[in-house]
Amino acid sequence: MHLPRWGSVLEGLPQVPTVLIVDDLDLNRRLLKAMLKTAPYRLLEAKRASAALAMLAREKVDLVVVDLVMPEMSGPDFCRLLKTDRKTQLIPILMVTSVQGAENEITGIESGADDFLIKPLKPNLVRTHIRSMLRNKALIDSLEEAETILFALAQAVEHRDKYTGMHCERLATYSIALGQALGLNRQDLLALYRGGYLHDIGKISVPDAILFKRGLLTDQEWQTMRQHTIRGEEICKPMKTLASVMPIIRSHHERWDGTGYPDGLRGEDIPLLARILQVADIYDALTTARPYKPAFSHEHALEIMHEEAGRGWRDPELVPLFAEVTRKSGDPEMPVWPGEGTMQQSLDNMRRELAK
Ligand SMILES: [Fe+2]
């Protein structure tokens, strides 16, 4: 039987970048097209901002070249629109103008344009700028893909256990509520959000027979189960953008008194974000039904958590704070993160961070 080689299959995929030229003057568009025709780009043109927006809605565009001065909507306004829309914010924009002056350049860049060129345009310069912008765009695309795959993998791990549906989202919500109460910065809140999804990704290496065993685990099985913290860290380590999530993945099973795993860390040696996620994780496990227990009420769950804190297992300050946060909101499932708290939102947050 003949099987295609993956390399040749991928080579067959279209990888020609699409460049959209937005300019009301035919001559300007023609000039730009002439400059770019030496490279293998797919060129689209729009006379007006509205036509360009319609094109962006239906086509995958990799770069936009826009004139600073346009009749319907100015270049900077058009830029702002693209940069505030989730679907177009990562498309690089090259703004061109015949109007000299640093003021214009500042306005263009402030509106979100990624690069700025002044007419008369020099063909070589235009080509070099566009090539470099497209290279960055390709890098962002590949990062997006890698992170999307990782998050999809985390979801797949979660779905193996049908009893914990929506667990990641609730976890992210609870941890962020706690993080906000502690006054953490946006970077840490984002790490908590990602940690809600990724903390148990290492469970992919735990066999079903152990993960779903109803009885007590043997010592050997516990050994395997505990490895999920280290495996998770290994899986995510190559992604530099996930550096802040790494301590959560590795240390979310440590205990305040040093009896947790994998490193037996104690007290404040346990990274704060990992302690926060742990409190959220325990609350969620207690308040949802599992094969071995019913869903406990909010009050009962907090009682158990206080008891565990008293026993020395949990951060003695975080548990009462969690009780306080959930009491204040009246509804522990309050949406504390902007948006619906979906996986899509999480990915969007990451993309925005990457775009900065
Ligand atoms: Fe875990």
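Both counts, for ligands and for their atoms, begin at 1 and track the order of listing. Along the sequence shown, the residues carry numbers beginning at 1.
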Exercise. Would Glu234 and Lys237 pass as an ion pair if we require N to O under 4.0 Å?
Worked result: no
Seminar exercise, completed: Counting only protein N, O or S atoms (no waters) closer than 2.8 Å to the Fe ion (ligand 1) gives 4
Exercise. In chain order, what residues pass the salt bridge (charged side-chain N to carboxylate O under 4.0 Å, His left out) check against Arg311, with sequence neighbours excluded?
Worked result: Glu307
Exercise. Between His199 and His228, is the gap from one ring center to the other below 6.0 Å?
Worked result: no
Problem set entry | Cation-pi geometry met for Arg255 and Trp313 (6.0 Å, 45°) | yes
Exercise. With a 4.5 Å limit on heavy-atom distance, are the side chains of His252 and Asp200 in contact?
Worked result: yes
Problem set entry | Check: Val61 and Met55 side chains under 4.5 Å, non-hydrogen atoms | no
